[in-house]
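Sequence lines set the chain letters: A, B, ... in the order given, protein chains first and strands last, and positions in each chain run from 1.
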Protein chains: 2
Amino acid sequence: MTGFETHDHGDCIARGLAQAERYCAAQGLRLTPARRRVLEILLEEHRAMGAYEILDRLRAEGRGAQPPVAYRALEFLTTHGFAHRIERLNAFVACTHAQDRHAPAFLICRACDRVTEAEVAPTAGELGRAAEAAGFTIERTVREAVGLCPACAGAGPA
Amino acid sequence: MTGFETHDHGDCIARGLAQAERYCAAQGLRLTPARRRVLEILLEEHRAMGAYEILDRLRAEGRGAQPPVAYRALEFLTTHGFAHRIERLNAFVACTHAQDRHAPAFLICRACDRVTEAEVAPTAGELGRAAEAAGFTIERTVREAVGLCPACAGAGPA
DNA sequence: GTTGCAATGATATAGTGTTTCATTTATGTG
DNA sequence: CACATAAATGAAACACTATATCATTGCAAC
């Protein structure tokens, strides 16, 4: 899938949550209410959200919600691959791919802020070649492209 | 060069500055004292520095130095390719390559925080392929690998 | 049941980046 | 040179992002 097409994601929230639940059960991880709710919010919005934006949602629901609440949940979710951090945006998105550690790559539209995710081998590509040449051990990669999605490019490049 | 070897950079400060001066003269850009000094600091340190760290240096030299001073200089330097922003670190490094817009890739050692830079075509690799598949127009890319440099990996992986 | 560990609650604080507006400095033009 | 314009700087306040710390609660194993 290309990721930017109009998208009816009726059941992908339920599917994402179910997948996370299954994975946590299998791994002995605790998908606590706070963690589950944050993942659900990310799945519902289906876009990159800042930690404080998530926090606002939690507050609106009456939960006590100091910053660490969001950051702890997000750390759990990103550590286990249920969500990813977009460095360029200081924001987070629900993962749209299979569980377990993988190396995501993102296309970020600077006009509409939508983000689409692709997967790739962590040690592949230019980073992998550069690392090999330098004797560098890759543990995590950040691959993000900023530009215009098809819709925004068509609408007239700002 | 691999980038992590011990490094005697005696004249690379002077060379970096001279290169920037030449390029600015040719392009009608103004390498003002503040901009020049920030570039010089980055070249001297030869590592990724936070904006406020740079600011401290400017203050120590008696310049008035509110945050915008550093951020404006850094915006100029990054826009014209004299320095790059490391998203993962919220920090900046002097460019170690040729002028003019290019797409850098970075290897970031999480133990010693040293950063090495490689160049690559902006639309190459996984990001380029993903973008093509999605009809996405890339304007800028972020490619960063976090891991251990040879020295730190050898010293015992924390 | 109590020991040990993970998770949460709550407060404060640290770190990063931007907005705004007034002022100065450089550049070009009559 | 005088003036108009645009770029850069100075200065204050503010907004956004993230972490440290410590007390408390819940849960699980022994």
Side-chain angles (χ1 to χ4, degrees), chain A residues 20-21 24-25 27-39 41-42 47-59 61-80 82-93 108 110 113 142 144 146, chain B residues 20-21 24-39 41-42 48-59 61-80 82-93 108 110 113 142 144 146:
Chain A
E21 269 161 6
C24 286
Q27 303 287 320
L29 301 172
R30 292 167 57 188
L31 189 64
T32 61
R35 292 168 178 175
R36 191 193 141 95
R37 183 61 190 129
V38 170
L39 176 57
I41 288 170
L42 286 174
R47 64 186 174 88
M49 299 180 76
Y52 280 71
E53 202 178 349
I54 292 168
L55 215 44
D56 287 343
R57 294 278 302 261
L58 294 178
R59 284 189 181 124
E61 295 168 8
R63 300 171 178 268
Q66 270 59 43
V69 171
Y71 283 102
R72 284 166 179 163
L74 288 166
E75 185 185 2
F76 175 86
L77 295 174
T78 54
T79 296
H80 296 103
F82 304 126
H84 300 296
R85 177 184 171 83
I86 312 291
E87 299 289 345
R88 189 70 224 284
L89 302 178
N90 296 328
F92 302 83
V93 280
I108 305 167
R110 67 165 164 80
D113 273 336
V142 177
E144 299 171 1
V146 181
Chain B
E21 269 160 6
C24 286
Q27 302 288 319
L29 301 173
R30 293 166 56 187
L31 189 63
T32 62
R35 293 168 177 175
R36 192 192 141 95
R37 183 59 190 128
V38 170
L39 175 57
I41 288 170
L42 287 174
M49 300 179 76
Y52 279 72
E53 200 178 352
I54 293 168
L55 214 44
D56 288 342
R57 294 279 300 261
L58 295 177
R59 283 189 182 125
E61 295 167 9
R63 300 170 178 268
Q66 272 59 45
V69 171
Y71 283 101
R72 284 165 179 163
L74 288 167
E75 184 185 4
F76 175 86
L77 296 174
T78 54
T79 296
H80 299 290
F82 304 126
H84 299 297
R85 178 183 172 85
I86 312 291
E87 299 289 346
R88 189 69 225 283
L89 303 178
N90 295 330
F92 302 83
V93 281
I108 305 165
R110 67 165 163 81
D113 272 335
V142 177
E144 300 171 0
V146 181

**Study point:** OP1 or OP2 of D:dA18 under 4.0 Å from side-chain N/O of A:R85
**Key:** yes
Review point. How are the rings of A:F76 and A:F82 set relative to one another: parallel (under 30°), tilted (30 to 60°) or perpendicular (over 60°)?
Key: tilted
Practice item. Taking the side chain as every heavy atom from C-beta outward, state whether A:D113 and A:R47 have any atom pair closer than 4.5 Å. Key: no
Exercise for review: Compare all side-chain heavy atoms of A:L74 with those of A:L42 and state whether any distance is below 4.5 angstrom.
Suggested key: yes
Revision key, fill the gap. On DNA chain D, more 5' by nearest nucleotide between A:N90 and B:T32 is B:T32
Please report, rounded to the nearest Å, how far the [atom2] atom of [N] is from the [atom1] atom of [X].
X: A:L74; N: D:dT17; atom1: CG; atom2: P; result: 12 Å
X: A:E75; N: D:dT17; atom1: CD; atom2: P; result: 18 Å
X: A:R88; N: C:dT16; atom1: CZ; atom2: P; result: 17 Å
X: A:L89; N: D:dA18; atom1: CG; atom2: P; result: 11 Å
X: A:Q66; N: D:dT17; atom1: CD; atom2: P; result: 17 Å
X: A:L31; N: C:dT8; atom1: CG; atom2: C1'; result: 15 Å
X: A:L55; N: C:dA10; atom1: CG; atom2: P; result: 13 Å
X: B:L29; N: C:dA26; atom1: CG; atom2: P; result: 17 Å

Exercise for review: Quick one: closest heavy-atom pair of A:L39 and A:L77, and the distance?
Suggested key: N-CD1, 3.7 Å
Review point. Which is true for A:R72 with a 4.0 Å heavy-atom rule: it touches a base, it touches only sugar-phosphate, or it touches nothing?
Key: base
Point to revise | Under 3.5 Å: donor-acceptor pair, side chain of B:R110, backbone of B:V146 | key: no
**Study point:** Along DNA chain C (nearest heavy atom to each residue), the more 5'-positioned of A:A65 and B:A91
**Key:** A:A65
Review point. Which residue, B:P68 or B:R30, contacts DNA chain C at a nucleotide closer to its 5' end, judged by nearest heavy atom?
Key: B:P68
Review point. Considering only D:dC27, C:dG17, D:dA18, which nucleotide approaches the side chain of A:F92 most closely?
Key: D:dA18
Practice item. Mark this stacking check for A:Y52 against D:dC16 as yes or no, applying ring centres under 5.5 Å and ring planes under 30°. Key: no
Point to revise | Aro-ring/base stack B:Y71-C:dT18, d under 5.5 Å, angle under 30° | key: no
